[in-house]
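Positions are given from 1 along the sequence. All ligand and atom numbering here is 1-based and tracks the order in the structure.
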Amino acid sequence: MDTHYDLDSVIRKVPDFPKPGVLFYDITGILAVPDAFRYCIDRLEEMCKDRSIDAIAGIEARGFIFAAPLAERLGVPLALVRKLGKLPGKAYEKSFELEYGCDTVCVHEVDVVAGTNVLLVDDLIATGGTLKAAASLFEEHGANVVGFLGVIGLPFLDYAQVLEGYPVDVLLEYNGE
Ligand SMILES: O=P(O)(O)OC[C@H]1O[C@H](OP(=O)(O)OP(=O)(O)O)[C@H](O)[C@@H]1O
Ligand SMILES: Nc1ncnc2[nH]cnc12
């Protein structure tokens, strides 16, 4: 078992960013402390033990930071779920609503392999809209979404309801101000 690290102590809380009324949970504080970052990846890896995972999908941009080292540790391919206009190859697209806006996610068609088990990874899960849209990119083309992993969960924004039916795991939860 890894030594516990108090992640809350390094996550900065920024009121009214990027819009009035939003309390922003800033993971850059985790990245500034190697022990904290390593602890996150250790814990995420632990959560993947005894699960059948063929690939990791990481969500742009902050999700990439955690998804990439996790995929490398597990020895599985990493698919990048990117915002519109960023992928050079042929891509599937899906639009969705955010806590503070609207967006479109895309994935290269070649990274969606029918019949494979994909685990989706992000830094933070709020409404669950991003992950739900990302999941549909895979499921609509024959891949299985086996669950979602996040560093931070905001359950008061009801992601559990949006992602109902899937395993959802986070390292720590915040319940609003
Ligand atoms: O559960 P949801 O309500 O969908 O919100 C969570 C998403 O919002 C944030 O990304 P953001 O779109 O701010 O992009 P960034 O990672 O590029 O900063 C966060 O990194 C998640 O991807
Ligand atoms: N409150 C929040 N803090 C950081 N990232 C977010 N993504 C969506 N909501 C967020």
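- Criterion: ILVMFWY side-chain heavy atoms under 4.5 Å apart, direct or through other members. Under it, L87 and V113 are not part of a common hydrophobic cluster.
- In summary, D8 and K13 engage in a salt bridge, as defined by a charged side-chain N under 4.0 Å from a carboxylate O.
- Residue contacts with ligand 1, taken as heavy atom pairs separated by less than 4.0 Å, involve D122 solely via side-chain atoms from C-beta onward.
- Atoms of ligand 2 lying under 4.0 Å from at least one heavy atom of R62, given by number and element, are 4 (C), 5 (N).
- At a 3.5 angstrom cut-off on N or O pairs, R62 counts as close to ligand 1.
- Set against the non-hydrogen atoms of L23, the atoms of ligand 2 under 4.0 Å away are 1 (N), 2 (C), 3 (N).
- Remark: ligand 1 and F96 share no N or O pair separated by less than 3.5 Å (distance only, no angle test).
- Using a 4.0 Å cut-off between heavy atoms, L154 contacts ligand 2 through its side chain alone, with no backbone atom that close.
- Within the 4.0 Å heavy-atom shell around ligand 1 one finds G128.
- Taking any N or O of T127, backbone or side chain, at least one lies under 3.5 Å from an N or O belonging to ligand 1.
- If you number the atoms of ligand 2 from 1 as listed, the ones under 4.0 Å from a heavy atom of L124 come out as 3 (N), 4 (C), 5 (N), 6 (C), 7 (N), 8 (C), 9 (N), 10 (C).
- Criterion: ILVMFWY side-chain heavy atoms under 4.5 Å apart, direct or through other members. Under it, L23 and V10 are part of a common hydrophobic cluster.
- Comparing heavy-atom distances from atom 5 (O) of ligand 1 across G153, G129, A126 singles out A126 as nearest.
- In terms of N/O distances under 3.5 Å, ligand 1 is not approached by L124.
- Here E60 has backbone heavy atoms under 4.0 Å from ligand 1, and that is the only part of it that gets that close.
- By the 4.0 Å heavy-atom criterion, K132 is excluded from the residues contacting ligand 1.
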